[in-house]
Amino acid sequence: NQQPPLEYNLVDLKKYLRFISGVGHLNFFTSRGCTYPCTFCFTSPFNSKRWRWMDSGLAVQRIKDFVQRYNVKGLTFIDNNFFMDMERGRSILKGLMREDLRIVISKISIRPDTLLKMNDDDFGLRNYFRVSRK
């Protein structure tokens, strides 16, 4: 929460667009790290089994600014584990829906055991972000 937003205007964002189903996506993170001790993953030892996150309200505001300032149409969340805190993840997605940014989200990292804890409302959130809105 203390770090300032990244200054994407210092680079040519067109070089970093990844096109998925005809929509240009840019990477964005709202957290780093993971506390799970998975032996196949570099994240836990790399981040000393710590998870650092942006407050959900701040995350929504920064994403909104990012989308509007740079005319972003698609996002790829590069968090190591977006749903490390399930309520925070839900809050971010619901906040983005309220802002009606008309973006497509191509990826959100989630552990399979966390996926099993999701309910019908959680899965309904994905429908809002899957379809490109012109």
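Positions are given from 1, in the same order as the sequence printed here.
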Spell out, yes or no, whether [X] and [Y] are grouped together once hydrophobic residues are joined by side-chain heavy atoms under 4.5 Å, including indirect joins.
{"X": "M84", "Y": "I92", "answer": "no"}
{"X": "I108", "Y": "W51", "answer": "no"}
{"X": "F83", "Y": "L58", "answer": "no"}
{"X": "F66", "Y": "I20", "answer": "no"}
{"X": "L115", "Y": "Y36", "answer": "no"}

Given side-chain contact (heavy atoms from CB on, under 4.5 Å), test I63 with V60 step by step and report yes or no.
CA-CA 5 Å; I63 292 166; V60 170; 5.7 Å; no
Test E99 against every option in K64, Q68, K94 by the side chain to side chain contact (heavy atoms under 4.5 Å, CB included) rule and name the one that passes.
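That would be K64.
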Of all the heavy-atom pairs spanning [X] and [Y], show the shortest one and how long it is.
{"X": "H25", "Y": "I105", "value": "NE2-C, 4.4 Å"}
{"X": "L26", "Y": "V72", "value": "CD1-CG2, 3.7 Å"}
{"X": "F82", "Y": "L93", "value": "CE2-CG, 4.2 Å"}
{"X": "I110", "Y": "N81", "value": "CA-OD1, 4.2 Å"}
{"X": "L17", "Y": "G24", "value": "CD2-C, 3.7 Å"}

Pairs meeting criterion side chain to side chain donor-acceptor pair (under 3.5 Å) with involvement of residues 6-19, two or more places apart
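Every side chain to side chain donor-acceptor pair (under 3.5 Å) pair that includes a residue of residues 6-19, provided the two are not neighbours, is R18-T76.
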Give a yes or no on whether the backbone of M54 and the side-chain of R88 come within a donor-acceptor separation of less than 3.5 Å.
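Answer holds: yes.
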Chi angles and distances behind the side-chain contact (heavy atoms from CB on, under 4.5 Å) call for L116, T114:
CA-CA 5 Å; L116 293 172; T114 305; over 6 Å; no
So how far is it from [X] [atom1] to [Y] [atom2], rounded to the nearest 0.5 Å?
{"X": "F77", "Y": "F28", "atom1": "CZ", "atom2": "CZ", "result": "7.0 Å"}
{"X": "D55", "Y": "R62", "atom1": "CG", "atom2": "CZ", "result": "10.5 Å"}
{"X": "L13", "Y": "N71", "atom1": "CG", "atom2": "CG", "result": "10.5 Å"}
{"X": "R111", "Y": "N80", "atom1": "CZ", "atom2": "CG", "result": "12.5 Å"}
{"X": "C34", "Y": "K49", "atom1": "SG", "atom2": "NZ", "result": "10.5 Å"}

Applying side-chain hydrogen bond (donor to acceptor under 3.5 Å, both in side chains) to D79 and S109, what does each step give before you reach the verdict?
CA-CA 7 Å; D79 301 44; S109 295; over 6 Å; no
Lys/Arg-Asp/Glu bridge criterion (N-O < 4.0 Å) met for D100, R102
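Looking at R102 together with D100, the answer is yes, because their closest N to O distance falls below 4.0 Å.
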